[in-house]
Amino acid sequence: QLVESGGGSVQAGGSLRLSCAASGDISGDNCMAWFRQAPGKEREAVLAFYSARGARYWHDSVKGRFTISQDNRENKVYLQMNSLQPEDTAMYYCASRRPCSDYPGPKPPSQQNDYYYWGQGTQVTVS
């Protein structure tokens, strides 16, 4: 089970930190990702992290602004979002995949069909 928190409303240029609390172990052969979905648009991966390989995926639109981090002791994943823009407005979802070593390529997966577990989402609104 994944539970997101930390969403809210913020002005352009502001920051938010989203949290994702997992009910199970997220260390080892496990990938974590943050996706977002704006109204009328497809769900897209924002950031993904494969901690066992130290590999990350970034969506081009968030490079230099968003970072992902993982606390294996707390089984939590964080999405730090800086310099937020109105186009970042969306529902943000946490997702996980275990195992992740069977996914081809050096980077973690970035398609929603490649993740097995999902949270309920948290809304981010930037005005």
Side-chain angles (χ1 to χ4, degrees):
Q1 182 182 8
L2 301 173
V3 180
E4 303 96 334
S5 61
S9 296
V10 64
Q11 292 188 338
S15 298
L16 281 174
R17 188 175 83 151
L18 306 184
S19 298
C20 172
S23 59
D25 184 9
I26 63 171
S27 65
D29 191 6
N30 185 75
C31 284
M32 300 297 299
W34 285 95
F35 284 74
R36 67 184 179 188
Q37 187 168 19
K41 294 188 177 181
E42 292 187 356
R43 191 171 297 188
E44 63 182 8
V46 176
L47 273 168
F49 183 43
Y50 188 5
S51 63
R53 293 179 181 173
R56 287 175 172 83
Y57 162 86
W58 273 280
H59 191 280
D60 285 344
S61 67
V62 306
K63 286 183 178 178
R65 300 189 299 126
F66 291 11
T67 57
I68 188 172
S69 61
Q70 183 168 316
D71 185 336
N72 291 338
R73 291 183 304 173
E74 298 290 332
N75 291 322
K76 288 185 176 179
V77 178
Y78 301 98
L79 180 65
Q80 178 67 43
M81 305 184 294
N82 299 326
S83 301
L84 283 161
Q85 300 301 317
E87 52 266 34
D88 296 316
T89 295
M91 184 71 79
Y92 283 72
Y93 299 89
C94 178
S96 69
R97 173 192 174 109
R98 177 183 294 276
C100 206
S101 57
D102 57 344
Y103 182 77
K107 293 186 178 181
S110 59
Q111 300 298 314
Q112 58 177 321
N113 290 340
D114 291 322
Y115 286 86
Y116 306 146
Y117 304 101
W118 292 84
Q120 82 290 348
T122 185
Q123 178 67 37
V124 172
T125 303
V126 185
S127 60

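Interatomic distance, CG of Leu79 versus SG of Cys94, reported as 9.5 Å (0.5 Å rounding). For the atom pair Ser23 OG and Asn75 CG, the distance stands at 8.5 Å (nearest 0.5 Å). Distance check, rounded to the nearest 0.5 Å: CD of Glu42 to CD of Gln111 gives 9.0 Å. Atoms OG1 and CD, on Thr125 and Gln11 in that order, are 13.0 Å from each other to the nearest 0.5 Å. The line from CG of Asp114 to SG of Cys31 is 9.5 Å long, rounded to the nearest 0.5 Å.
Contact between Ala22 and Leu2 at its shortest, heavy atoms only, is CB-CD2, 3.6 Å. For the residue pair Leu16 and Gly6, the shortest heavy atom distance occurs at CD2-O, 3.9 Å. The two atoms that bring Arg53 and Gly105 nearest to each other are NH1-O, 3.1 Å, heavy atoms only. Here the closest non-hydrogen pair linking Val46 and Val62 is O-CG2, 3.7 Å. Counting all heavy atoms, side chain and backbone alike, Leu47 lies closest to Thr67 at CD1-C, 3.6 Å. Annotation for Pro86 and Ala12: closest pair CD-CB, 4.2 Å, computed over non-hydrogen atoms.
Tyr50 is not listed as a side-chain neighbour of Pro109, based on a closest heavy-atom distance of 4.5 Å or more. By the 4.5 Å heavy-atom criterion applied to side chains, Trp34 and Val77 are counted as neighbours. The closest side-chain heavy-atom distance from Thr89 to Gln123 is below 4.5 Å. Put simply, the side chain of Asn30 reaches to within 4.5 Å of the side chain of Met32, judged on heavy atoms.
In this pair, Phe66 and Tyr92 present their aromatic rings tilted. The plane angle is within the 30 to 60° band.
Among the candidates Gln80, Met81, Arg65, the single residue satisfying the side-chain contact (heavy atoms from CB on, under 4.5 Å) test with Ser15 is Gln80.
Taking the ring-ring contact (aromatic ring centres under 6.0 Å, His included) definition, one finds that Trp58 meets it with nothing, sequence neighbours left out.
Taking Ile, Leu, Val, Met, Phe, Trp and Tyr as members and joining any whose side-chain heavy atoms lie under 4.5 Å apart, directly or through other members, Tyr78 forms no hydrophobic cluster with any other residue.
Placement of Val3 and Ile26 in two distinct hydrophobic clusters is found when ILVMFWY residues are connected by side-chain heavy-atom separations under 4.5 Å, directly or transitively.
Sorted by first then second residue, the salt bridge (Lys or Arg N to Asp or Glu O under 4.0 Å) pairs that include residues 29-41, not counting sequence neighbours, are Arg36-Glu44, Arg36-Asp88.
Within the cation-pi definition used here (under 6.0 Å to the ring centroid, within 45° of the axis), Arg97 does not qualify as a partner of Tyr103.
Judged by distance alone, the side chain of Glu4 and the main-chain N or O of Thr122 form no donor-acceptor pair under 3.5 Å. With Arg98 contributing its side chain and Asp25 its backbone, the two residues share a donor-acceptor pair below 3.5 Å.
Annotation for Tyr57: atom OH counts as buried by contact number, over 12 foreign heavy atoms lying within 6.0 Å.
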What's the verdict on ring-ring contact (aromatic ring centres under 6.0 Å, His included) for Tyr115 and Phe35, showing C-alpha distance, side-chain angles and the deciding distance? CA-CA 11 Å; Tyr115 286 86; Phe35 284 74; 5.5 Å; yes

